[in-house]
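Worksheet: the structure to be examined is printed underneath.
Chain letters run A, B, ... following the sequence lines, proteins first and then strands; every chain starts at 1.
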There are 2 protein chains.
Amino acid sequence: MKIDPKNKADLSAQIAKAIRDAIISGDMNVDERLPSESELADQFDVSRSTVREALKRLAAQNLIRTQRGATGGAFVRRLSYDEAYAQHITTSTLLLSMNAVDFETACEARFALERACAPLSAKRRTPDHLATMRAEIHRQAQPGLSDERFCDSDVAFHRALVDGAGNPVLSYQLAGAVEAMQPLMNMITFTQRNRDVIIGLHTRIADALEMQNSADADEALAELTAYTLTLGEEAMEARARR
Amino acid sequence: MKIDPKNKADLSAQIAKAIRDAIISGDMNVDERLPSESELADQFDVSRSTVREALKRLAAQNLIRTQRGATGGAFVRRLSYDEAYAQHITTSTLLLSMNAVDFETACEARFALERACAPLSAKRRTPDHLATMRAEIHRQAQPGLSDERFCDSDVAFHRALVDGAGNPVLSYQLAGAVEAMQPLMNMITFTQRNRDVIIGLHTRIADALEMQNSADADEALAELTAYTLTLGEEAMEARARR
DNA sequence: CGCGTTTAATTGTCTGACATTTTAGACAGC
DNA sequence: GCTGTCTAAAATGTCAGACAATTAAACGCG
């Protein structure tokens, strides 16, 4: 980890990479303390500012945490599921918005992945998951709910569906696909008729999962996919005409 | 974006957050230039070092790029698919290794997601994808191939399968699940018998995709899932006994 | 022994300086 | 007018040194 060529370009990036590699390769364990900033500056033969910039880069990736005081310093950080979720969602959302991914592509990806969860969710969903889904369905039926709140509730419903599979890795991977769709979904105007259809399909999905009927759940999800696609197309057309 | 309370803790993190929010919310467009470091220092009423640490945090997340020289500065960066892939894979791998995710969970997630791609891939795979899969199968059959190389080829095969769906969002989301499994897969010792079975299933998958037979592909993938799970269990047991 | 107090270590911030890189503009020569 | 060269300015990258803030351990005292 102490290597550093005489390449005088982007010193702080090089140092960050050296330390990052040491962490990723497993040379450093969780909660292990890095040398102090002054020591690192000596080791790499750079100033403390440069070391600090390198450490900030690592902190931005949640790879280290810093602590002030006598026994303080930079420590290797355990990446928590919650942080990874948040990071994944941010990146996914940015990727979609900056690259102008069309609604159809994002929608297809999202529902294909969700349908992969359905059989597992039918098998393992707990009463808690079912209760969350029912509660969100109830919320979606409330009169006067704004389109944005309706979308929020939609995400929460689908999140419960995914979490029902009881596989945190699956939940983590899906979070990106589901949440990154939200900005696109927010472009849609949901009429009462639209909402009724969606609520009906959500109810069918919840029922199927409750009965542990994987085939019914899959069928309802397929219909929901198709329906969401048509809503998206209409919204895109309306937007294009404007 | 110019807001900054008198909260004197973690100034550089606060400033990074302010700028990040401005980028994510869409207030700043791709390739737009941020104010210079000195200007930002004045605006936020902090020193240039603090601003620089904030900017390094954003650079670490690929949100900005910096350029030296007269017309240089920090520019909002377009997040490319390749970078997002790399970032997603790194995070997923770390998440799995740091949280000691068991083989079964990771494996289940990976194959569930892959099976979601199979129908789309059967519909849309190009001759290129098929050629890649055949080439990797051929490579997997080579005598004297190390376990690690066999895993590499396995990943390449499955990557081609996923890419065959022709949906970049799907490919992106899947990359994390497939590649993050590799460290776990590398714990397995693949005997010739094991490899023969896997190669047979890969061939069945490639054949099914070539014939655009989604059901066959799904069945072969299901068998591959089950087989990989037993291999993983054996490897974990062997590791536990050691 | 228990409880403040001091002290040392460490990160966080500031200031000012210099190095390096890159562009735009001035200027000279034809 | 055109072209090539030179210079100055602007911006990031790095450095050195200082001080503030925070924290835990060592110390001293009753």
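Residue B:Ser47 places at least one side-chain N or O under 4.0 Å from the OP1 or OP2 atom of C:dC14. OP1 or OP2 of D:dA11 sits under 4.0 Å from a side-chain N or O of B:Arg33.
Nearest to the side chain of A:Thr66, among D:dA11, C:dG12, D:dA16, sits C:dG12. Nearest to the side-chain atoms of A:Leu11 among the listed nucleotides D:dT14, C:dA24, C:dT13 stands D:dT14.
If you take CD of A:Glu37 and P of C:dT10, they are 10 Å apart, rounded to a whole angstrom. Between the CZ atom of A:Arg52 and the C1' atom of D:dG13 there is a distance of 16 Å, rounded to whole Å. As rounded to whole Å, 10 Å separates atom C1' of D:dT12 from atom CD of A:Glu53. Atom C1' of nucleotide D:dG13 and atom CD1 of A:Ile15 are separated by 12 Å, given to the nearest angstrom. Across the protein-nucleic acid pair, A:Lys56 atom NZ and C:dG12 atom C1' stand 7 Å apart, rounded to whole Å.
Between the CG atom in B:Asp45 and the CD atom in B:Gln43 there is a gap of 11.0 Å [rounded to 0.5 Å].
Donor-acceptor pairing under 3.5 Å is recorded for the side chains of A:His129 and A:Thr126.
Each of A:Glu53, A:Glu39, A:Glu37 was checked for a salt bridge (charged side-chain N to carboxylate O under 4.0 Å, His left out) with A:Arg48, and the lone residue meeting it is A:Glu37.
In terms of polar N and O atoms assigned as donor or acceptor, the side chain of B:Arg48 comes within less than 3.5 Å of the base of D:dG13 in a complementary pairing.
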